[in-house]
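These notes are about the structure you will find just below.
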Amino acid sequence: MAESDKSKKKDMDQSRHTERGKKLILSLVMITGGAVVAALAVEEFLSPNKIFDGGVVGVSMILSNITGWKLGILTILLNVPFLFIAWKNIGHIFILKAAYAMALFSVCLSVFEGLPPVVKEAQPILATAFGGVLLGIGVGFVLRGGGCLDGTEIVGILINKKYSLSVGNVVMIINIVVYSAAGIRFGIEHGLYSMLMYFISSRIIDIIEVGLEQDKSVMIITEHGEMIADEIFRNFGRTVTFIHGEGFISGTEKDVLLCVITRAEVHDFRRLITELDYAAFTTFTDVSEVIGHKAR
């Protein structure tokens, strides 16, 4: 009987490792495809028409136009410091995926730079529309794979961990500064086109990465509440709120765990809960606003 139990446990462990490997491969495929598409959008549609992305990529585009430096080099140089800062404050898996996405994105920018642009200069509407759609698709798949292309996301997460300011508000403030700088340096119309492009890409990201609001409220119904709560704290540095419940049909006692996480944590959070308790009932709800401090 003991041998049978050991065999079952070994099979379960093997199955978990196999499933984890498949998810990792799928994640890397999405990040790879997303980074390539995003770089294509920037070099073939946006950059030739001086339409700028937000965040670190937008700053890199502005500096590239002013100094003549290669956009791919500027992008990776400006992103690297944020990765080092975040290494001790955010999950290492996320940082490694982000580093891979940023490095591939920068390489692809250099590759596409030598190609003739799909939309040439003096066609800003076409560049704004198609560039925004392609950029949204690329960034959406990178986020869905658990990575990110821009250090601005990391800045938002770090500030969100210490203050009540949401990731979305931090990113919005930074982007307002970037687009204002673009408008001042290259003309107000370029700043306005850039803002329009960002709006388009954001809507596409929402479609690709389901429920991409900046914060998520998570409710977990499980029979292993303490174990899951400990793992959430160990992996994400967040405490949870316990509510004791009872199954209507089974009559068994249930633990209901509540917490709020950022959008960048959804991928790894979902994976963790599935591994700990496959039978757990978990819901992710969009949070438009958080007042007060999240439980840590």
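Numbers here simply count residues along the sequence, with the first being 1.
Within a 6.0 Å sphere centred on CD of Glu275, heavy atoms belonging to other residues, nucleotides or ligands number more than 12. The 12-atom threshold is not exceeded at CZ of Phe199, counting heavy atoms of other residues, nucleotides or ligands nearer than 6.0 Å. Other residues, nucleotides and ligands place more than 12 heavy atoms under 6.0 Å from the CE atom of Met30. Within 6.0 Å of CD in Glu189 there are more than 12 heavy atoms belonging to other residues, nucleotides or ligands. Heavy atoms of other residues, nucleotides or ligands lying less than 6.0 angstrom from CZ of Phe112 number more than 12.
Under a 3.5 Å cut-off, the side chain of Ser194 and the backbone N or O of Tyr179 do not form any donor-acceptor pair. For Ser27 (side chain) and Lys23 (main-chain N/O), no donor-acceptor pair under 3.5 Å exists by modelled atom type. Asn65 contributes a side-chain N or O that, together with a main-chain N or O of Met61, makes up a donor-acceptor pair within less than 3.5 Å. Judged by distance alone, with hydrogens and angles left aside, the side-chain atoms of His190 form a donor-acceptor pair with the main-chain N or O of Lys50 at under 3.5 Å. Panel note: side chain Asp150, backbone Val56; a donor-acceptor pair is recorded below 3.5 Å.
Within the 4.5 Å cutoff, the side chain of Phe94 has heavy atoms near those of the Cys148 side chain. The closest side-chain heavy-atom distance from Asp53 to Met197 is below 4.5 Å. Taking the side chain as every heavy atom from C-beta outward, Phe284 and Ile261 approach each other to under 4.5 Å. Side-chain contact between Thr252 and Glu223: present, with at least one pair of heavy atoms (C-beta onward) separated by less than 4.5 Å. Put simply, the side chain of Phe105 does not reach to within 4.5 Å of the side chain of Asn79, judged on heavy atoms. Side-chain atoms of Phe45 and Leu134, non-hydrogen and from C-beta on, do get closer than 4.5 Å to each other. No side-chain heavy atom of Thr285 sits under 4.5 Å from any side-chain heavy atom of Lys216.
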Tyr193/Asn49 under side-chain contact (heavy atoms from CB on, under 4.5 Å): CA gap, chis, key distance, verdict = CA-CA 10 Å; Tyr193 279 128; Asn49 287 273; over 6 Å; no
task = Start with the C-alpha distance between Lys70 and Glu113, add both sets of side-chain angles, then the distance that settles side-chain contact (heavy atoms from CB on, under 4.5 Å), and finish with yes or no.
result = CA-CA 9 Å; Lys70 300 293 185 181; Glu113 186 179 18; 3.3 Å; yes
query = side-chain contact (heavy atoms from CB on, under 4.5 Å) between Leu46 and Phe52: does it pass, once the steps are laid out?
reply = CA-CA 7 Å; Leu46 304 180; Phe52 303 96; over 6 Å; no
task = Could you please spell out the steps behind the side chain to side chain donor-acceptor pair (under 3.5 Å) verdict for Tyr198 and Asn175?
result = CA-CA 9 Å; Tyr198 181 75; Asn175 286 342; 3.1 Å; yes
inquiry  = side-chain contact (heavy atoms from CB on, under 4.5 Å), that's the test. Do Ile154 and Ile85 meet it? Break it down for me.
reply    = CA-CA 9 Å; Ile154 296 174; Ile85 294 172; over 6 Å; no
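Put simply, CE on Met227 and CD1 on Ile232 are 10.0 Å apart, with the number rounded to the nearest 0.5 Å. Atoms CG and OG1, from Leu276 and Thr274 in turn, are 9.0 Å apart once rounded to the nearest 0.5 Å. One distance of note links CZ of Phe233 with SG of Cys259; it measures 12.5 Å at 0.5 Å rounding. Note that the OG1 atom of Thr75 and the CG atom of Leu71 stand 4.0 Å from one another [nearest 0.5 Å]. For the atom pair CG (Leu258) and OG1 (Thr283), the distance works out to 8.5 Å, reported to the nearest 0.5 Å. In this structure, the separation between CD on Glu226 and CG on Leu257 is 10.0 Å, given to the nearest 0.5 Å.
In terms of heavy-atom proximity, Gly72 sits nearest to Ser110 at CA-OG, 3.9 Å. Of all heavy-atom pairs between Ala101 and Ile31, the closest is CB-CG2, 3.5 Å. Counting all heavy atoms, side chain and backbone alike, Ser64 lies closest to Trp69 at OG-O, 2.8 Å. Considering every non-hydrogen atom in both Lys97 and Asp268, the closest pair reads NZ-OD1, 4.2 Å. Closest heavy-atom contact between Val240 and Ala229: CG2-CB, 3.7 Å. For the pair Ala181 and Ile62, the tightest heavy-atom approach, listed with the atom from each and the gap, is CB-CD1, 4.4 Å.
Connection of Leu272 to Val266 is established within a shared hydrophobic cluster, with ILVMFWY side chains joined at heavy-atom distances below 4.5 Å, either directly or through further cluster members. Phe141 and Leu28 are assigned to two separate hydrophobic clusters, defined by single-linkage of ILVMFWY side chains at heavy-atom distances under 4.5 Å. When hydrophobic clusters are built by joining Ile, Leu, Val, Met, Phe, Trp and Tyr residues whose side-chain heavy atoms come closer than 4.5 Å, directly or via intermediates, Leu196 is grouped together with Ile137. Hydrophobic clustering (ILVMFWY, side-chain heavy atoms < 4.5 Å, transitive): Val57 and Phe82 are in one cluster. Hydrophobic cluster membership differs between Phe281 and Val218, with clusters built from Ile, Leu, Val, Met, Phe, Trp and Tyr side chains linked at under 4.5 angstrom.
The residues Glu265 and Arg238 are annotated as salt-bridged, a charged nitrogen and a carboxylate oxygen being separated by less than 4.0 angstrom. Taking a cutoff of 4.0 Å between a charged side-chain nitrogen and a carboxylate oxygen, Lys254 and Glu246 do not qualify as a salt bridge.
With Thr222 as the fixed residue, the side chain to side chain contact (heavy atoms under 4.5 Å, CB included) test singles out one of Ile273, Thr282, Asp277: Asp277. Of the residues Leu40, Val37, Val36, Thr32, the one that meets the side chain to side chain contact (heavy atoms under 4.5 Å, CB included) test with Cys108 is Val36.
For the 3.5 Å distance criterion, the side chains of Asp255 and His244 qualify, holding a donor opposite an acceptor.
Under the 6.0 Å distance and 45° angle rule, Arg271 does not count as a cation-pi partner of Phe269.
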